[in-house]
Number of protein chains: 2
Amino acid sequence: MNLDSETKAVELPEDHGDELRLWLRLLTCTTLIEGTVRSRLRERFDVTLPRFDLMAQLDRAPEGMTLSDVSKRMMVSNGNVTGLVERLVESGHLDRRTSVSDRRVQVIRLTKVGRAEFRRMAAEHETWIADIFSDLTPKDVRELMRLLAKAKGSAQKAASRRAL
Amino acid sequence: MNLDSETKAVELPEDHGDELRLWLRLLTCTTLIEGTVRSRLRERFDVTLPRFDLMAQLDRAPEGMTLSDVSKRMMVSNGNVTGLVERLVESGHLDRRTSVSDRRVQVIRLTKVGRAEFRRMAAEHETWIADIFSDLTPKDVRELMRLLAKAKGSAQKAASRRAL
DNA sequence: GCCAATTGCTTGAAGCCTAAAGAAATTGAA
DNA sequence: TTCAATTTCTTTAGGCTTCAAGCAATTGGC
């Protein structure tokens, strides 16, 4: 039995430098792309990224979504969604109504105008993303998808461990 | 000569769905991890993520940095840095002085207290990150690093193309 | 030296975001 | 039925963030 190795595990700090560098690189990539997308959305359509993201969620839900659904999907706070929705209703992109079966619940949908405008933006948005990743081969893309899925699973597990 | 393939390239929309899904997954991963780190920083040290990030930049620059340097490194606006620095000077973590050679320039550094506190936070922060990525093998980590580096390069090229 | 352009930073307006507290509606156990 | 617990959403305070406009200092071409 090797006492040293046991002692080591407890007393010596492990080397987590690689993971830290991975996190920083992930963050840099995302920040870079997010910034590009944000400024293009503003220049071309005078819309903010959070508004675009919210409309994207609703575009996939023709029946509408509750504010809680949106909050979970976008991984932002409830209060945040309340404000975002308020502004998008104000600008005529969203329709909001109280659920008949539960009067606490607000159901929101894209208006006709909102949907048309989103589709127009989304088409162009997709080409920006393709441009941003244009140096990656299809294999790179697949491999990144796979590894990020694994990373996501790992992060979710860690988050739920913490939540206890 | 294949006329069809030329026509296709111009008239038919290409399929960029994979790149879009990759972007969404990248964003989800980052948001998830960022949220975990933010709440742990708040719970354990009552500090915000932007403050931590700024201190991390300064920890690596014993000679100090100018606000512009910080702004570029953190990829945030100048005005943002002005406010962040203001609050961290106020709380005694940062020292700020006007450069003698150029009176427009503000040089900021960690104070003794700021550095000590950052080191304490950073040590724990590193273990959180390791925990978050604990399902990834060393090979996964290497491979992700490589592919993200490639993605970063691609995104930077796209951003500079756009800037013209 | 002069002054136009540039650089570094700050300010102000608007919007995004969180955490925490609170209001209103629903649920479910006794 | 009753009412405590839960759920859904809003509100508030504080901080983060961007963009655009503006001020002050420096630089570079003449």
Side-chain angles (χ1 to χ4, degrees), chain A residues 27 30-32 34-55 64-91 93-94 96-108 163, chain B residues 27 30-32 34-55 64-91 93-94 96-108 163:
Chain A
L27 188 56
T30 301
T31 304
L32 190 59
E34 216 173 42
T36 302
V37 171
R38 179 179 12 254
S39 65
R40 290 194 183 191
L41 280 175
R42 187 180 49 77
E43 285 165 15
R44 289 278 298 134
F45 303 112
D46 193 31
V47 74
T48 65
L49 188 50
R51 276 162 156 96
F52 179 82
D53 286 344
L54 175 45
M55 292 173 82
M65 297 174 81
T66 70
L67 298 205
S68 294
D69 288 344
V70 172
S71 169
K72 278 174 202 121
R73 282 298 200 84
M74 295 181 70
M75 296 191 275
V76 299
S77 68
N78 275 347
N80 189 0
V81 174
T82 295
L84 263 176
V85 166
E86 200 166 73
R87 287 182 289 270
L88 279 166
V89 167
E90 173 65 24
S91 64
H93 294 86
L94 259 55
R96 156 203 237 156
R97 61 187 59 172
T98 301
S99 162
V100 287
S101 61
D102 184 339
R103 278 179 298 171
R104 289 169 305 179
V105 174
Q106 303 287 312
V107 177
I108 55 174
Chain B
L27 188 55
T30 301
T31 305
L32 191 58
E34 215 173 43
T36 303
V37 171
R38 179 176 19 250
S39 64
R40 290 193 183 190
L41 281 175
R42 188 179 49 73
E43 285 165 16
R44 288 279 298 135
F45 303 112
D46 194 31
V47 74
T48 66
L49 188 49
R51 277 161 154 96
F52 179 80
D53 286 344
L54 175 45
M55 291 173 83
M65 298 174 79
T66 70
L67 298 206
S68 295
D69 289 343
V70 172
S71 168
K72 278 176 201 121
R73 282 299 200 85
M74 294 181 72
M75 296 191 276
V76 300
S77 67
N78 274 348
N80 189 359
V81 174
T82 296
L84 264 177
V85 166
E86 200 166 73
R87 287 182 288 271
L88 279 167
V89 167
E90 172 65 24
S91 64
H93 294 87
L94 258 57
R96 157 203 236 153
R97 60 186 62 171
T98 302
S99 162
V100 286
S101 60
D102 185 339
R103 276 178 301 168
R104 291 169 305 178
V105 174
Q106 302 287 313
V107 177
I108 55 174

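Numbers restart at 1 for each chain; the letters A, B, ... are given by sequence-line order, proteins then strands.
Counting any heavy atom pair closer than 4.0 Å across all strands shown, A:Asn78 reaches a base atom. Using a 4.0 Å heavy-atom distance criterion, A:Thr66 is classed as a sugar-phosphate-only contact. Base contact: B:Ser77 has a heavy atom under 4.0 Å from a base atom.
Across C:dG8, C:dC16, C:dA25, the shortest atom-to-atom separation from the side chain of B:Val105 is found for C:dG8.
The nucleotide range of DNA chain D contacted by chain A, defined by atoms under 4.0 angstrom from heavy atoms of the protein and reported 5' to 3', is D:dT7 to D:dA20.
Dashed line: the shortest gap from a side-chain N or O of B:Ser68 to OP1 or OP2 of C:dC9 is under 4.0 Å. At the phosphate of C:dA20, OP1 or OP2 sits under 4.0 Å from a side-chain N or O atom of B:Arg42. OP1 or OP2 of C:dC16 lies within a sub-4.0 Å distance of a side-chain N or O belonging to A:Arg51. Under 4.0 angstrom from either OP1 or OP2 of C:dT18 there lies at least one side-chain N or O belonging to A:Asn80.
Separating the CZ atom of B:Arg38 from the P atom of C:dC17 is a distance of 10 Å, rounded to the nearest angstrom. Distance B:Leu49 CG to C:dC17 C1': 13 Å, rounded to the nearest Å. Summarising the geometry, the separation between CD on B:Gln106 and C1' on C:dT7 is reported as 14 Å, rounded to the nearest angstrom. Atom CD in B:Glu86 sits roughly 11 Å away from atom P in C:dG12 (whole-Å rounding). For B:Ile108 and C:dT10, the CD1 to C1' distance is 14 Å, given to the nearest whole Å. The CG-C1' distance, from A:Leu41 to C:dC16, rounds to 15 Å in whole Å. Taking atom CG of residue A:Asp46 and atom P of nucleotide C:dG15, one finds them 11 Å apart after rounding to whole Å. A:Leu84 places its CG atom 17 Å from the P atom of C:dA14, with the value rounded to the nearest Å.
For the helix from C:dG1-D:dC30 to C:dA30-D:dT1, the terminal axes (five pairs an end, C1' atoms, rotation from four pairs onto the next four) enclose an angle of 20°, given to 10 degrees.
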Starting from the C-alpha separation in whole Å, work towards a yes-or-no answer on side chain to side chain contact (heavy atoms under 4.5 Å, CB included) for A:Leu67 and A:Thr82.
CA-CA 7 Å; A:Leu67 298 205; A:Thr82 295; 4.2 Å; yes

Under the side chain to side chain donor-acceptor pair (under 3.5 Å) rule, what do B:Gln106 and B:Thr66 come out as? Steps first, then yes or no, please.
CA-CA 6 Å; B:Gln106 302 287 313; B:Thr66 70; over 6 Å; no

Yes or no on side chain to side chain contact (heavy atoms under 4.5 Å, CB included) for B:Ser68 and B:Lys72, after CA distance, side-chain angles and deciding distance?
CA-CA 6 Å; B:Ser68 295; B:Lys72 278 176 201 121; 4.2 Å; yes

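Between A:Met74 atom CE and A:Leu54 atom CG the span is 5.5 Å, to the nearest 0.5 Å. Here CD of A:Glu86 is found 12.0 Å from CD1 of A:Ile108. Values are rounded to the nearest 0.5 Å. B:Arg44 CZ to B:Leu41 CG: the interatomic distance, rounded to the nearest 0.5 Å, is 10.5 Å. To the nearest 0.5 Å, atom CZ of residue B:Arg96 and atom CG of residue B:Leu88 are 10.5 Å apart.
For A:Arg104 against C:dT26, no side-chain N or O and base N or O form a donor-acceptor pair under 3.5 Å.
Of all heavy-atom pairs spanning A:Glu34 and B:Leu27, the tightest one is OE2-CD1, 3.4 Å.
Of the possible polar contacts, none joining the B:Thr30 side chain to the A:Thr30 backbone as a donor-acceptor pair under 3.5 Å is found. Distance alone, capped at 3.5 Å, places no donor-acceptor pair between the B:Ser99 side chain and the B:Val105 backbone.
Of the residues near DNA chain C, B:Gly83 and A:Met75, the one whose nearest nucleotide (by heavy atom distance) lies more toward the 5' end is B:Gly83. Remark on DNA chain C: of its neighbouring residues A:Pro50 and A:Asp102, the 5'-side contact belongs to A:Pro50, judged by nearest-heavy-atom nucleotide.
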